[in-house]
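Worksheet for the structure shown next.
Remember, it's 1-based here, ligands and their atoms both numbered in the order they're listed. All values below come from the heavy atoms of this structure, side chains included, with hydrogens, waters and symmetry mates left out.
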Amino acid sequence: MLKKKVLKAFNSQINAELHSSSLYLSMSSYFHSLSLSGFASWMRVQAQEELLHGMKFYDFITSCGGRPMMEAVAKPEADWESPLAAFEQVLRHEEGITAKINALMDLAIAEQDHAAKIFLQWFVSEQVEEEAAVGGIASRLRLIGKDSSGLFLLDAELGKRVFTPPAGQAA
Ligand code: FEO
């Protein structure tokens with residue numbers, strides 16, 4: 001059984017993950033509008049992963065006998081100044097998500113909720129990976145600058161990313 005405070009915070013994290021998904025889908029659409037199909041595909045996979053993150057919280061709440069509650073998802077931006085500006089926003093956004101996950105872990109520790117702590121460990125590691133991946137792409141975009149051939153090479157590379165749903169789970 002989840003304590004009230006933990007349930008409330010986990011429900012709020014579902015909303016944060018759904019907002020991340022919506023933001024990245026909006027970025028996918030932005031990249032499509034620039035004919036950067038690899039970037040668009042990478043962002044679409046990212047949006048699918050964020051939906052899966054939200055579902056992980058949803059499933060954890062229900063498996064603990066709680067009820068997930070949906071809230072309005074904030075409207076994402078639709079346009080960015082450049083691919084680099086979009087990725088810089090992703091990095092800032094993910095740093096914010098990391099802070100939220102850390103706050104959830106602090107709460108689970110304070111409430112002595114051991115199941116929640118174990119559940120959150122996956123997210124702590126995931127955030128390290130996400131920040132590293134996004135930071136790496138942003139750094140490469142800075143190096144590429146206005147070199148369009150470098151941009152198209154990166155576009156081809158990012159287009160190789162595929163979404164692999166975990167066994168027994170669809171998103
Ligand atoms: Fe769900 Fe990008 O963290």
Check your understanding: Can the ring centres of W42 and F87 be said to be less than 6.0 Å apart?
Key -> yes
Review point. Does the separation of the ring centres of Y30 and F39 fall below 6.0 angstrom?
Key: no
Check your understanding: Of all N, O or S atoms in E17, which has the smallest distance to atom 1 (Fe) of ligand 1?
Key -> OE1
Review point. Any salt bridge between E17 and K100, counting N to O under 4.0 Å?
Key: no
Review point. Are R140 and E157 close enough for a salt bridge, meaning some N to O gap below 4.0 Å?
Key: yes
Exercise for review: Please calculate the OE1(E50)-atom 1 (Fe) of ligand 1-ND1(H53) angle and round it to 10 degrees.
Suggested key: 90°
Point to revise | Angular separation of OE1 (E94) and OE1 (E130) seen from atom 2 (Fe) of ligand 1, to 10° | key: 70°
